[in-house]
Amino acid sequence: MRSLRKKAGNSSGSLRTLILALMFVAALTLLAASAVHAGLLGQIDPFPGAAPPEALLGLVLAIAAVSAFLSWARAWAFAMVATLLALLGTVYGLTVTVPRGGPGDVAYHVSLLAGLIVAAGLLIRQRGLVD
């Protein structure tokens, strides 16, 4: 990783950190949302149908972020696929959430979507940065 930062320069190292941070935050919020919807943190917002896909997306995104952090082989491809999958899942989540009308849920999905769009855009633009 140090050699990558030396080759890429400080600004590229900052972009790499931003990409990884966006992926980790998205993964953690998906896992937290899954726990909330599963009722593991009390009856805050029970929605058992959303818990498994959110947990799966959060787990896949977290593993992809770790693989990119550790610069595993094909980390960029894994990060890209995981981010796009989470993006699609979030768009689907919005189609379910908007009719329910919960402003907190809608705000969460919109902010998650924004973060994932930024992460995907940076991954596309900086293709070799996380390999």
Side-chain angles (χ1 to χ4, degrees):
M1 189 162 90
R2 289 179 196 237
S3 62
L4 175 65
R5 285 191 181 159
K6 284 180 184 176
K7 280 195 306 189
N10 286 339
S11 64
S12 293
S14 297
L15 276 176
R16 183 175 190 275
T17 301
L18 176 61
I19 293 167
L20 295 175
L22 287 169
M23 290 175 67
F24 275 121
V25 168
L28 291 174
T29 62
L30 282 163
L31 292 169
S34 175
V36 166
H37 287 137
L40 298 176
L41 304 174
Q43 293 300 314
I44 300 168
D45 185 16
F47 189 19
E54 286 173 336
L56 181 63
L57 290 173
L59 186 61
V60 168
L61 200 55
I63 293 168
V66 168
S67 75
F69 177 75
L70 297 175
S71 298
W72 290 348
R74 295 193 172 80
W76 179 86
F78 187 25
M80 194 69 232
V81 168
T83 302
L84 290 176
L85 185 63
L87 230 162
L88 290 173
T90 303
V91 169
Y92 175 74
L94 263 173
T95 67
V96 173
T97 301
V98 169
R100 290 179 71 210
D105 282 341
V106 173
Y108 164 71
H109 282 85
V110 168
S111 62
L112 177 61
L113 186 63
L116 290 168
I117 288 170
V118 170
L122 289 172
L123 280 166
I124 290 168
R125 190 162 181 211
Q126 303 294 323
R127 182 181 168 125
L129 201 57
V130 296
D131 273 336

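Count residues from 1 along the sequence. Keep in mind that what you see is a predicted model, and the values were worked out from it rather than measured.
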Legend entry - From Leu84 atom CG to Ile124 atom CD1, the distance as rounded to the nearest 0.5 Å: 6.5 Å
Inset, instruction - First locate atom OG1 of Thr17, then atom CZ of Phe69, and finally report the distance between them rounded to the nearest 0.5 Å. - result: 8.5 Å
Inset, instruction - Report the hydrophobic cluster partners of Leu31, with the cluster defined as I, L, V, M, F, W, Y residues connected by side-chain heavy atoms closer than 4.5 angstrom, directly or transitively. - result: none
Legend entry - Pro53 side chain near His37 side chain, heavy-atom distance below 4.5 Å: no
Inset, instruction - Search all heavy atoms of Ser71 against all heavy atoms of Arg16 and return the closest pair with its distance. - result: OG-NH2, 3.2 Å
Legend entry - Ala86 to Thr90 - nearest heavy-atom pair and separation: O-OG1, 2.7 Å
Legend entry - Any side-chain heavy-atom pair of Thr83 and Leu61 under 4.5 Å: yes
Inset, instruction - Please write out which residues are connected to Leu59 in a hydrophobic cluster, directly or through intermediates, given that two of Ile, Leu, Val, Met, Phe, Trp, Tyr count as joined at side-chain heavy-atom separations below 4.5 angstrom. - result: Leu56, Val60, Ile63, Phe78
Inset, instruction - Heavy atoms only: give me the nearest Val66-Trp72 pair and the separation to one decimal. - result: CG1-CH2, 4.5 Å
Inset, instruction - Go through the structure and list residues passing side-chain hydrogen bond (donor to acceptor under 3.5 Å, both in side chains) with Thr29, not counting sequence neighbours. - result: Tyr108
Legend entry - Contact summary for Ala26 and Leu112, nearest pair of heavy atoms: CB-CD1, 3.6 Å
Inset, instruction - Write down the atom of Ala27, the atom of Gly58, and the distance for their closest heavy-atom approach. - result: CB-O, 3.4 Å
Inset, instruction - To the nearest 0.5 Å, tell me how far Ser67 OG sits from Met23 CE. - result: 6.5 Å
Legend entry - Leu123 with Val81, same ILVMFWY side-chain cluster at under 4.5 Å: no
Inset, instruction - Would you please name every residue forming a side chain to side chain contact (heavy atoms under 4.5 Å, CB included) with Ile117, sequence neighbours left out? - result: Leu87, Leu113
Legend entry - Over all atoms of both residues, closest heavy-atom pair of Ala79 and Ala64: CA-CB, 3.9 Å
Legend entry - Leu40: partners by side chain to side chain contact (heavy atoms under 4.5 Å, CB included), with sequence neighbours left out: Ala35, Ala38
Legend entry - Shared hydrophobic cluster, Val91 / Leu88 (ILVMFWY, side-chain heavy atoms < 4.5 Å): no
Legend entry - Interatomic distance, Leu116 atom CG to Leu30 atom CG [nearest 0.5 angstrom]: 7.0 Å
Inset, instruction - Tell me, please, which residues at least two apart from Arg125 pass salt bridge (Lys or Arg N to Asp or Glu O under 4.0 Å). - result: none
Legend entry - Pairwise distance CE(Met80) to CG(Leu85) - rounded to 0.5 angstrom: 11.5 Å
Inset, instruction - Report the distance from atom CG of Leu15 to atom CG of Leu122, rounding to the nearest 0.5 Å. - result: 6.0 Å
